[in-house]
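Quick notes on the structure that follows.
Throughout, a chain's letter reflects where its sequence line sits, starting with A, and its residues are numbered from 1.
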Amino acid sequence: MLKKTFKKLSQYEWEIPKTYRSDMRVAVHLFASELLLEAALDDLSLEQAVNVTTLPGLVGPVVVMPDVHQGYGFPIGGVAATAFPHGVISPGGIGYDINCGVRLMSSSIEYTEAQPHLAQLAAALNAACPSGMGKAGPFKLKPSELDAVCRLGAEWAVKQGMATTEDLRRTEETGCVDGADPRWVSEHAKTRGSDQLGTLGSGNHFMEVDVVEQIFDPDAAQAMGLMEGCLVLQFHCGSRGLGHQVCSDYVQEFQSAVRRYGIQLPDRELVCAPMDSPEGQHYLAAMRSAANFAFCNRQVLAHLAQRAFEQVLAGKIRRFHLHQVYDVAHNMGKIETHMIEGKPLKVCVHRKGATRAFGPGQAGLPEEYQAIGQPVLVPGSMGTASWVLVGTETSMAISYGSTCHGAGRVMSRSKAKRDVRGDRLRDELEQQGIHIQAGSLAGLAEEAPQAYKDVDDVVETVSGAGIARKVARLRPVVVVKG
DNA sequence: ATGTAC
């Protein structure tokens, strides 16, 4: 797409007007600096955003985040809100990794004190948290147990002694989205998920120990238990093969639904169905089941990681307890109420590679975050910084309570694999004092920092546009990847 | 993202 297509609204906001193409129902609103706009022009992500504007039932502009890149049908880094219940829901607007998300845990362990033990900690985390493609975890769930995970989400882990009620309170949707019904999850998806609870996966999924490097908002940092110079644990993963199969199943099933409901689409990958149709209802029930599987997966991983910390640091470090800061979803369709043209309206917010970023005072936020807004967790690319932000009143007003989710890819996986030597990259990161545990050197190369945008630029944009506020910057010291 | 093509 050409830069002249965009109308500049402010330093960090650009618009593709509705007049750009005759089938657009709404405009595209992109958050980007000049530099990030130019990066976004290099792939098909903005054409995809224009395609999304043709979906029936949109209530306002399709919003695009600065970490945008091309995805299946919808761009990764896109947000679209459709009227509930007559508007459509589209699996491609949520993504193959349903409820892919990030969890952050704080500690009072000082980096300087823990530094001699970090290599051992990296190995212990790698041993405790299975990672890699198709990797099985510590449990083989019977069908009735898997159904319970899909219905209960992270609460299932409380019953198993792997979670506390505080963990749930500090999880988006308290770790369980309503309306999940595993009867609409295929047997195939259930089979794939049955041994994957408590696993990290591959690709850009990771587990990381970071040091809190700089605090920008002391009040918010204090509410979250973040202290400069102390270690935190964060990880990024989702619903594994189960969610992937749910998305595949419904993308296929929706092909005929599109014809049945007479929906015109510029791209088959945008397949969708009205939320109040049987197809839409079944997908919602299955997608929510996969979302709960992912919440439970992150809860189990948190438990396994905590045990690894105890195993390595007990007796060496005075206090090693990890406290949940928050757990966010960045691939999800949620029914929420937003102010649309001055009136509250129930909508389905499709967030694909976009983080919910509720501002202060929103229902559903735990008491300690009511005044500061929802914690937003933005991991950078491997070996680079990550950010903790909070949602704002502006994000509620102009981005359906959403903000960015990461650095955003700029180089294809195949090109990164050609250009980057995994062994050299590992050595470079080790030289920077980052302990790496990598299941696959080819996988490591695909995630090289040069394959991603600069997360600091992305955060500068969302912060400058006002759709999130900076709380803390984190620096990695241990990275575990599949 | 993903038993990376039934």
Can you tell me the distance, in whole Å, between the CD atom of A/Gln252 and the P atom of B/dC6?
10 Å
I'd like to know if A/Glu460 and A/Lys470 make a salt bridge, using a cut-off of under 4.0 Å between side-chain N and carboxylate O.
yes
With sequence neighbours left out, which residue pairs that include part of residues 375-386 of chain A fulfil the side-chain hydrogen bond (donor to acceptor under 3.5 Å, both in side chains) condition?
A/Gln234-A/Ser386, A/Ser381-A/Thr384
Look at the side-chain N and O atoms of A/Ser202 and state whether any lies under 4.0 Å from the OP1 or OP2 oxygen of B/dT2.
yes
Whole angstrom value for the distance that separates P of B/dT2 from CG of A/Asp195
13 Å
Students often get this wrong, so: under 4.0 angstrom with heavy atoms, is A/Gly238 touching a base, only sugar-phosphate, or nothing?
nothing
Round to the nearest Å and state the distance from A/Asp97 atom CG to B/dT4 atom P.
15 Å
Classify A/Gln196 by what it touches in the nucleic acid, base, sugar-phosphate, or nothing, heavy-atom distance under 4.0 Å.
sugar-phosphate
Classify the nucleic acid contact of A/His188 as base, sugar-phosphate or nothing, counting any heavy atom under 4.0 Å across all strands shown.
base
Atom-pair distance (NZ on A/Lys135; P on B/dT2), nearest Å:
13 Å
A/Met133 has an atom CE; how far is it from atom P of B/dA5, in whole Å?
10 Å
Output the rounded distance in Å from CD (A/Glu447) to P (B/dT4).
18 Å
For a side chain to side chain donor-acceptor pair (under 3.5 Å) with A/Glu447, tell me which candidate from A/Arg409, A/Lys481, A/His205 qualifies.
A/Arg409
Would you call the rings of A/Trp184 and A/His282 parallel, tilted or perpendicular, taking 30° and 60° as the class edges?
parallel
Rounded to whole Å, please give me the gap between CD in A/Gln245 and P in B/dC6.
10 Å
Nearest whole angstrom, please: distance from the P of B/dT4 to the CZ of A/Arg240.
12 Å
